[in-house]
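Structure first, then comments.
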Amino acid sequence: MAPPAPTPHPSPREQTATDPDVTDFARILGTSEGAEAVRAFGRRAAAVDAPVLLTGESGTGKGLLARAIHDGSARARRPFVAVNCAGIPESLFESEFFGHRRGAFTGAVGSRRGLFEQAHGGTLFLDEIGELPPPLQAKLLTAIEDGEIRPLGGERAVRVDVRLIAASGVDLELAVREGRFRRDLYHRLLVLSCRLPPLRERAGDIEYLARHFLHAAAARYGRPVRAIAPAALARLRAHAWPGNIRELSHAIEAAVLAADGDRIEPTHLPPTLLAPPPPVEPEPAAPGRYSFYGSPDDERRRIQEALRRYRGNKTRAAAALGMARNTLRIKLRTLGIDDGARV
């Protein structure tokens, strides 16, 4: 099935392709082996009706791949419902996921279908599933295993048929070992799994994607920018891209708006890309440190650079790194990074 027609001015939050004639997985841009491996996995996952677990750093395109798998599957004509698990308060979990009946609690003036019912027949995409507290993980697992949910205030269970695609930016294996994620839920999701590589591991894709985002942004804003100067390309290649594809798309969008000619120069790039960060000596490895994709020393260095760049402001540093603030706090503790920075 062809993908839905794009809106006139789509936002390149992650990898996007604006050509309505592209296949579902051609929307996952890149010429590297890593990009092709992701496309190949997506095609295999779309051909079967099994749970999928997508892992990788924030901004690597997990949401885009989840949507492409749905659009290429037999459930494509049914709903695709996405939810960020980190944004669901514990007190509202059952109402959000299972729904409620009128009068179930104070303020329930009408009945509401939960996410499982909304996705019936289609796909439920659980983004940042690693952020769910263990008690909520148990309730989610019960619904998955039973294939039914009971709305708050309801007298009968409701059968639901959904395909689950889950995504996480944290190491779920480590979370299982540390008791922060249920082993049974982890293995229930771990039927088909794919780690999306960070941008720094995708040789050649930085320039390819930068040019794509340039043309998209220039068309969106009616700007005459057509090229990227060699010196600016060198800055793009040298940057670590902790925010991955999302960070690159926003950097190019900002540069297109800042450019006063027909090409992007180094001075048009965001300030964080104008000069390489000062070198940081890796600290001794701490026992039981947080395990993330890539080298732990690289992860520690990236976090320290972000904290220094934002003068210890954890909220801004977490946003720049593409992670939740609570995730940053865990990393600071497990990586042995000084926690004296302000929030």
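Taking Asp262 as the reference, nothing meets the side-chain hydrogen bond (donor to acceptor under 3.5 Å, both in side chains) condition, with sequence neighbours excluded. Arg159 meets the side-chain contact (heavy atoms from CB on, under 4.5 Å) test with Glu148; sequence neighbours excluded. With sequence neighbours excluded, the residues satisfying side-chain contact (heavy atoms from CB on, under 4.5 Å) with Gln137 are Leu132, Pro134, Phe181, Arg182, Leu185.
The distance from atom CD1 of Ile144 to atom CD1 of Ile149, rounded to the nearest 0.5 Å, is 13.0 Å. Atom CD in Glu96 sits 12.5 Å away from atom CZ in Phe116 (nearest 0.5 Å). Of the inter-residue distances, the one linking Arg235 atom CZ with Thr267 atom OG1 reads 11.0 Å to the nearest 0.5 angstrom. In this structure, Thr123 OG1 and Arg78 CZ are separated by 11.0 Å, a value rounded to the nearest 0.5 Å. For the atom pair Leu190 CG and Ser193 OG, the distance stands at 4.5 Å (nearest 0.5 Å). One finds the CZ atom of Arg150 at 11.5 Å from the CZ atom of Phe98 (value rounded to the nearest 0.5 Å).
Under the 4.5 Å side-chain criterion, counting only non-hydrogen atoms from C-beta, Leu196 is not in contact with Asn244. Counting only heavy atoms from C-beta outward, the side chains of Leu29 and Leu209 approach each other to under 4.5 Å. In this structure, Arg246 and Ser58 have side chains that are in contact, with non-hydrogen atoms separated by less than 4.5 Å. Using a 4.5 Å heavy-atom threshold, the side chains of Arg163 and Ile69 count as touching. Using a 4.5 Å heavy-atom threshold, the side chains of Val170 and Ile330 count as separate. Inter-residue side-chain proximity for Phe25 and Val38 is flagged as unmet; no heavy-atom pair is nearer than 4.5 Å. The closest side-chain heavy-atom distance from Ile206 to Arg202 is not below 4.5 Å. Between Val52 and Phe41 there is a side-chain heavy-atom pair separated by less than 4.5 Å.
Here the closest heavy-atom approach between residue Ala232 and residue Glu265 is recorded as CB-C, 3.9 Å. Taking each heavy atom of Leu65 and Gly42 in turn, the nearest pair found is CD1-CA, 4.0 Å. Heavy atoms only, all atoms of each residue included: Glu90 and Pro133 are closest at OE1-CG, 4.3 Å. The two atoms that bring Leu307 and Ile337 nearest to each other are CD1-CG2, 4.2 Å, heavy atoms only. Considering every non-hydrogen atom in both Trp241 and Leu273, the closest pair reads CH2-CD2, 3.4 Å. Residues Gly261 and Pro224 come closest through the heavy atom pair O-CG, 3.9 Å.
Lys62 places a side-chain N or O within donor-acceptor distance of the main-chain N or O of Gly56, the cut-off being under 3.5 Å. Under the 3.5 Å distance criterion, the side-chain polar atoms of Arg223 are left unmatched by any main-chain donor or acceptor of Ala217. Under a 3.5 Å cut-off, the side chain of Arg43 and the backbone N or O of Gly72 do not form any donor-acceptor pair.
The number of heavy atoms from other shown groups lying within 6.0 Å of CD (Glu36) is above 12.
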Let's go through Leu172 and Arg180 carefully: what are the C-alpha distance in whole Å and the side-chain angles of both, what is the deciding distance for side-chain contact (heavy atoms from CB on, under 4.5 Å) to 0.1 Å, and is it a yes or a no? CA-CA 9 Å; Leu172 290 183; Arg180 294 183 288 110; over 6 Å; no

Give the intermediate values and the outcome of side-chain contact (heavy atoms from CB on, under 4.5 Å) for residues Leu115 and Leu126. CA-CA 10 Å; Leu115 296 170; Leu126 304 174; 6.0 Å; no

Assess the residue pair Arg263 and Arg226 against the criterion (side-chain contact (heavy atoms from CB on, under 4.5 Å)); give the C-alpha distance rounded to whole Å, side-chain angles, the decisive distance to 0.1 Å, and a yes or no. CA-CA 6 Å; Arg263 70 178 190 172; Arg226 297 292 179 267; over 6 Å; no

Given Glu117 and Arg112, is the salt bridge (Lys or Arg N to Asp or Glu O under 4.0 Å) satisfied, shown in steps? CA-CA 10 Å; Glu117 280 193 87; Arg112 179 183 179 277; over 6 Å; no

Do Leu233 and Arg211 pass the side-chain contact (heavy atoms from CB on, under 4.5 Å) test, and can you show the C-alpha distance, the side-chain angles, and the key distance before you say yes or no? CA-CA 10 Å; Leu233 276 175; Arg211 295 187 190 281; 3.5 Å; yes

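The pair Arg188-Asp184 does not count as a salt bridge, with every side-chain nitrogen at least 4.0 angstrom from each carboxylate oxygen. With respect to Arg75 and Asp161, a salt bridge is recorded, a charged nitrogen being found less than 4.0 Å from a carboxylate O. Salt bridge Glu201/Arg195: present, at least one basic N to carboxylate O contact under 4.0 Å. Ionic pairing of Glu57 and Arg200 is present here: one or more N-O contacts between side-chain nitrogen and carboxylate oxygen are shorter than 4.0 angstrom.
In this structure, Phe80 and Phe125 have parallel ring planes: the angle between them is below the 30° cut-off, well short of the 60° mark.
No hydrogens or angles considered: a donor-acceptor pair under 3.5 Å links the side chains of Ser32 and Asp205.
Under the 4.5 Å side-chain heavy-atom criterion for grouping Ile, Leu, Val, Met, Phe, Trp and Tyr, Leu92 is not connected to Leu124 through any hydrophobic cluster. Residues Leu236 and Leu257 fall into different hydrophobic clusters, defined by Ile, Leu, Val, Met, Phe, Trp and Tyr side chains chained together at heavy-atom separations under 4.5 Å. Linking ILVMFWY residues whenever their side-chain heavy atoms come closer than 4.5 Å, directly or via other members, places Val48 and Ile165 in the same cluster.
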